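One structure is given below, encoded as structure tokens.
Reminder, nothing fancy here: chain letters follow the sequence lines and each chain counts from 1. Below, each value reflects all heavy atoms present in this structure, side chains not excepted, and no hydrogens, waters or symmetry copies. These numbers come from a predicted model, not from an experiment.
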Amino acid sequence: MTALRIDGIRHRVLSPVDLTLIPGEQVFLSGPSGSGKSLLLRAIADLDPNEGEVWLGDEARSSMPAPLWRRRVGLLPAESFWWAETVGEHLPENTRGITDVLERLGFDAGVLGWSISRLSTGERQRLALVRLLAQRPEALLLDEATANLDPANRDCVESLIAHYRETASASVLWVSHDPEQRQRLGGRSYRIRDGRLEPES
Amino acid sequence: MTLIHLTPWDLALAAALVLLLAGMSWWLRLGVERRILIAAVRSTIQLMLVGLVLKILFNQTHPALIGLMSMVMLSAAGFEVMQRQKRRYRGIWSYGIGAFSMFLSSFTVIFLALTVVIRVDPWYEPQYLIPLLGMMLGNTMNGVAIALDSLTRQAWEARGQIEARLLAGGNWEQAIEEIRRDALRSGLIPIVNAMGTAGLVSLPGMMTGQILAGGPPLEAAKYQLLIMFLLSGGTGLGSVAAVWLGSKRLFDRRERLRLDRLRIP
């Protein structure tokens with residue numbers, strides 16, 4: 001049960017951002033391209049230089065090594081990248097519950113032996129989510145998690161994320177361009193304008 | 001065997017070949033005639049100057065003068081390494097990483113060779129130190145330049161993969177592991193190849209020089225072997241140091257990939 005509290009995070013295009021997500025809460029971000037949505041997620045994951053602090057429960061980001069922080073606060077980038085030959089090589093040692101996650105996205109366990117080069121864009125995007133959830137993150141930062149998917153697969157991903165959010169009480173900060181998706185899934189929603197967060201009515 | 005002295009006239013004859021090459025470049029519109037001529041003039045001036053400096057240096061073993069000469073050679077090598085990078089580190093680093101790793105490897109290996117292997121007395125005897133150091137720096141420079149260039153180039157291209165590994169909870173060394181190994185390998189290939197084919201395809205330059213200058217071939221071969229082993233050790237050490245420092249510089253304390261520390265070419 002960990003809340004995610006963003007406390008004055010800023011970098012070159014953002015004025016300080018403050019935002020608190022209670023455990024298991026889902027918050028959407030939108031805004032024109034170039035407004036800094038992805039940069040905000042990268043800053044929270046500590047992938048770019050930034051100022052400010054982020055709290056996971058009562059633990060500060062600066063109090064733990066960056067690799068541990070990134071494991072606990074998982075970022076799903078808009079474009080997925082792979083560094084080894086097969087899907088399975090990208091997963092952590094302990095993959096408890098991975099088959100359930102795979103099944104929910106319409107894969108069987110055989111996919112772990114697939115070579116990365118034969119995956120389609122949509123498959124990559126869904127498997128990147130599998131890879132992320134296999135780390136058992138306590139909070140999720142999603143950047144356009146369903147952008148390249150057809151409606152059926154999009155529904156699978158949405159329900160998997162909802163399931164994970166409820167069972168793990170993980171807070172989810174989700175960048176989504178799709179107003180229908182934001183309405184369908186509910187939760188608070190913000191727009192980034194001129195580097196500031198504005199609540200979306 | 002006696003040493004046949006080369007007269008300026010002999011050298012001029014050989015230089016005619018370079019002129020011929022430049023003429024060919026002009027004739028075939030290769031557009032490199034200027035560079036050929038400049039390089040030829042540069043090498044003439046530089047080598048004659050070095051010959052003069054060494055002549056003066058050999059007549060006296062003043063440690064300060066020898067140290068100065070070594071430093072001049074090192075800084076020239078450092079500059080050359082920097083020049084060969086496509087994506088250079090910003091600030092002092094592009095020069096510093098190369099120069100420091102060459103300093104570390106060349107000077108240690110040379111010092112060991114002079115004190116333990118050849119046992120020159122005093123160890124800084126310029127007749128041994130300067131030529132050895134020159135060969136050492138020349139080869140280490142190649143290895144370091146290739147390795148660093150490969151490291152920064154690949155890191156730039158594989159930004160997505162590196163960051164994906166960081167996001168998967170890996171530390172910076174895991175994230176750049178493969179690239180680092182690859183960069184190191186490419187830095188070592190030239191010297192390993194040279195060792196493998198030495199004597200079969202071509203006689204190495206130093207050995208050729210010694211034989212032409214009238215030395216006994218077997219002595220020349222032994223010296224060449226010594227040099228070869230020293231060079232590979234030095235190149236290896238220098239490349240390892242450069243790649244380690246270079247890859248460390250690509251990440252900051254929070255283990256973020258900092259490609260902004262590289263200049264855009």
Please check if atom [atom1] in [X] has more than 12 non-hydrogen atoms from other residues, nucleotides or ligands closer than 6.0 Å.
{"X": "Asp194(A)", "atom1": "CG", "result": "no"}
{"X": "Phe100(B)", "atom1": "CZ", "result": "no"}
{"X": "Arg196(A)", "atom1": "CZ", "result": "no"}
{"X": "Trp93(B)", "atom1": "CH2", "result": "no"}
{"X": "Asp58(A)", "atom1": "CG", "result": "no"}
{"X": "Arg34(B)", "atom1": "CZ", "result": "no"}
{"X": "Arg181(B)", "atom1": "CZ", "result": "yes"}
{"X": "Glu85(A)", "atom1": "CD", "result": "no"}

Practice item. Identify which part of Arg258(B) has an atom lying under 4.5 Å from any heavy atom of chain A, answering side chain, backbone, both or neither. Key: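 Only the side chain of Arg258(B) comes within 4.5 Å of chain A.
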
Practice item. Return the option, out of Leu47(A), Leu68(A), Val73(A), Leu132(A), with the maximum number of heavy-atom pairs under 4.5 Å with chain B. Key: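 The residue among Leu47(A), Leu68(A), Val73(A), Leu132(A) with the greatest pair count is Leu47(A).
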
What is the minimum heavy-atom distance between [X] and [Y], and which atoms define it?
{"X": "Gln161(B)", "Y": "Trp82(A)", "result": "CG-O, 3.1 Å"}
{"X": "Arg256(B)", "Y": "Asp48(A)", "result": "NE-O, 3.3 Å"}
{"X": "Leu167(B)", "Y": "Gln135(A)", "result": "O-OE1, 3.4 Å"}
{"X": "Trp83(A)", "Y": "Ala168(B)", "result": "CH2-CB, 3.8 Å"}
{"X": "Asp46(A)", "Y": "Arg254(B)", "result": "OD2-NE, 2.8 Å"}

Could you look at [X] and say if it's the side chain, the backbone, both or neither that has a heavy atom under 4.5 Å from chain B?
{"X": "Arg72(A)", "answer": "neither"}
{"X": "Pro49(A)", "answer": "both"}
{"X": "Ser80(A)", "answer": "neither"}

Practice item. Could you walk me through whether Glu163(B) and Arg42(A) pass the salt bridge (charged side-chain N to carboxylate O under 4.0 Å, His left out) test, one step at a time? Key: CA-CA 10 Å; Glu163(B) 290 191 335; Arg42(A) 285 174 63 91; 2.8 Å; yes

